[in-house]
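Heads up: the structure comes next, in structure tokens.
Proteins get letters first, then strands, A, B, ... in listed order; numbering begins at 1 in each. Everything numeric in this text was worked out from a predicted model, so none of it was measured.
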There are 2 protein chains.
Amino acid sequence: MRLTTKGRFAVTAMLDVALYAGDAPVTLAAISARQKISLSYLEQLFGKLRRNGLVDSVRGPGGGYQLARTPDAMTIAEIIRAVDEPIDATQCGGRENCHDDRRCMTHELWAGLNAHIFGFLRGVTLADLVAQQKPRQTDVVVMKDHRVATAPTTVDAA
Amino acid sequence: MRLTTKGRFAVTAMLDVALYAGDAPVTLAAISARQKISLSYLEQLFGKLRRNGLVDSVRGPGGGYQLARTPDAMTIAEIIRAVDEPIDATQCGGRENCHDDRRCMTHELWAGLNAHIFGFLRGVTLADLVAQQKPRQTDVVVMKDHRVATAPTTVDAA
DNA sequence: GATTACTTGACTAATTTATTCGGGAATTGG
DNA sequence: CCAATTCCCGAATAAATTAGTCAAGTAATC
């Protein structure tokens, strides 16, 4: 389980889709504008997300991307793993030639730690993040098709 | 909370110190040989570990590094943070200029996720890893001969 | 005071992240 | 059909991080 900005970008983008997709799919251009991520980088990321079955794509005008599943069935762990491909982790990637005395002490060390972190991130879904986001977000702002804001809600606590 | 191989190297090295330091300090050369990490890279890592007060150094012949605290008071989170310096995480690092519409949606998103992961890693100490390591270190020979392909390298979803 | 071994910083190479570019292919609307 | 929109793909590039190397120190022991 690697955890870099790349994975964060992916999660952020997916959260954007979850938030802004109504019936119509969300275009990468829109995500790029809202989240300030380069369009081509998004294309790369969504290519992986699509090939991993996390999003569906619709081509042509009015096209874009949609979540392949409901947000509550989409875990953060999946998203990160989809874009952070090589989850090798143990530095000797399966080969047994690590050492002579004992086999690369870190084998099960990281396997265990990974399992824990992975387990944790598998317990968090996009729906959780949406819920966390909504309260200070309900004034959905000006969407592309001039859907205007409602009431600006709460200021946060911490 | 970034989580890269760099942090893993650091934890592995610290675990090595915890395992092999008796009364005498452990030299980087020994760690380098055992863990197959380049000596100069270890120098960099231990420079940071020392400046962060995680290890004490002893110079001169017979010198080396020792844990600054007992293993049970040394968390994995600390180690990783010591070497993975920039824990900025939110890509706009505190500045409020993220966006116009809402302030960088990911602010508290990652802050929260980070807090969780960090909390988890703060709950794991070097002593835990030592304990995990000790039992399977005694039957080294047995493992070497018999169980060759037990551990899959990737932490898979199952 | 000479040897051992840590200390430090600067420098390079390799890898990963992020961006840019240039063209395609599918779909919709006119 | 035509043109606009949008996904799709690959290559090239730039920036950042990771990993490794080198060389000149400082401290401690014998």
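Between Ser57(B) and dT7(C) there is a side-chain N or O to OP1 or OP2 distance below 4.0 Å. OP1 or OP2 of dT17(C) has at least one side-chain nitrogen or oxygen of Thr4(A) nearer than 4.0 Å. At the phosphate of dT17(C), OP1 or OP2 sits under 4.0 Å from a side-chain N or O atom of Arg2(A). The side chain of Thr5(B) places an N or O atom within less than 4.0 Å of a non-bridging phosphate oxygen (OP1 or OP2) of dA19(D).
At distances below 3.5 Å, at least one donor-acceptor pair connects side-chain atoms of Thr12(A) with backbone N or O atoms of Arg8(A).
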Under 3.5 Å, which protein N or O atoms sit close to an N or O of nucleotides 27-30 of chain D? Give each pair with its distance.
unit_1	atom_1	unit_2	atom_2	d
dA27(D)	O4'	Arg59(B)	NH1	2.8

Check: protein-nucleotides 9-14 of chain D nitrogen or oxygen pairs below 3.5 Å:
unit_1	atom_1	unit_2	atom_2	d
dC9(D)	OP2	Arg50(A)	NH2	2.9
dC9(D)	N4	Glu43(A)	OE1	3.0

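The OH atom of Tyr65(A) lies 6.0 Å from the CZ atom of Arg50(A); values are rounded to the nearest 0.5 Å. Note that the CZ atom of Arg2(A) and the CG atom of Leu3(B) stand 10.5 Å from one another [nearest 0.5 Å].
Taking only side-chain atoms of Tyr41(B), from C-beta outward, the nucleotide of dG20(D), dT17(C), dC6(C) with the closest atom is dG20(D). In the set dT17(D), dC7(D), dT17(C), dT17(C) carries the atom at the smallest distance from any side-chain atom of Asp84(A).
If you check every strand for non-hydrogen atoms under 4.0 Å, Phe46(B) touches nothing. Heavy atoms of Leu39(A) sit nowhere under 4.0 angstrom from any nucleic acid atom. Nucleic acid contact for Val26(A): sugar-phosphate only, since backbone atoms but no base atoms lie under 4.0 Å from a heavy atom of the residue.
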Which donor-acceptor pairs under 3.5 Å do the side chains of residues 70-80 of chain A make with protein atoms, sequence neighbours left out?
unit_1	atom_1	unit_2	atom_2	d
Thr70(A)	OG1	Asp72(A)	OD1	2.8
Thr75(A)	OG1	Glu78(A)	N	3.2
Thr75(A)	OG1	Glu78(A)	OE1	3.4
Glu78(A)	OE1	Arg69(A)	NH1	3.3
Glu78(A)	OE1	Thr75(A)	N	3.0
Glu78(A)	OE2	Arg69(A)	NH1	3.1
Glu78(A)	OE2	Arg69(A)	NH2	3.1

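The CG-C1' distance, from Leu42(B) to dA19(D), rounds to 11 Å in whole Å. Atom P of nucleotide dA19(D) and atom CZ of Arg8(B) are separated by 11 Å, given to the nearest angstrom. In this structure, the CZ atom of Phe9(A) is 11 Å from the C1' atom of dT19(C), given to the nearest Å. Regarding Leu3(B), its CG atom lies at a distance of 15 Å from the C1' atom of dT17(D), rounded to whole Å. Residue Leu45(A) contributes atom CG, which lies 13 Å from atom C1' of dT16(C) at whole-angstrom precision. The interatomic distance linking Leu49(A) (CG) with dC7(D) (P) rounds to 13 Å, in whole Å. Computed from coordinates, the Ile80(A) CD1 to dT16(C) C1' distance equals 17 Å when rounded to whole Å. Put simply, NZ on Lys48(A) is 12 Å from C1' on dA18(C), counting in whole angstrom units.
Contact between Thr27(A) and Gly63(A) at its shortest, heavy atoms only, is CG2-O, 3.4 Å.
A salt bridge (charged side-chain N to carboxylate O under 4.0 Å, His left out) check over residues 55-64 of chain A, counting only residues at least two apart or in different chains, returns nothing.
In this view, Tyr41(A) and Lys6(A), Phe9(A), Ile37(A), Ser38(A), Gln44(A), Leu45(A) satisfy the side-chain contact (heavy atoms from CB on, under 4.5 Å) rule, not counting sequence neighbours. Qualifying side-chain contact (heavy atoms from CB on, under 4.5 Å) partners for Ala24(B), counting only residues two or more places apart in sequence or in other chains: none. For Ala21(B), the side-chain contact (heavy atoms from CB on, under 4.5 Å) partners are Val17(B), Val26(B), not counting sequence neighbours. With sequence neighbours left out, Thr125(B) forms a side chain to side chain donor-acceptor pair (under 3.5 Å) with Asp128(B).
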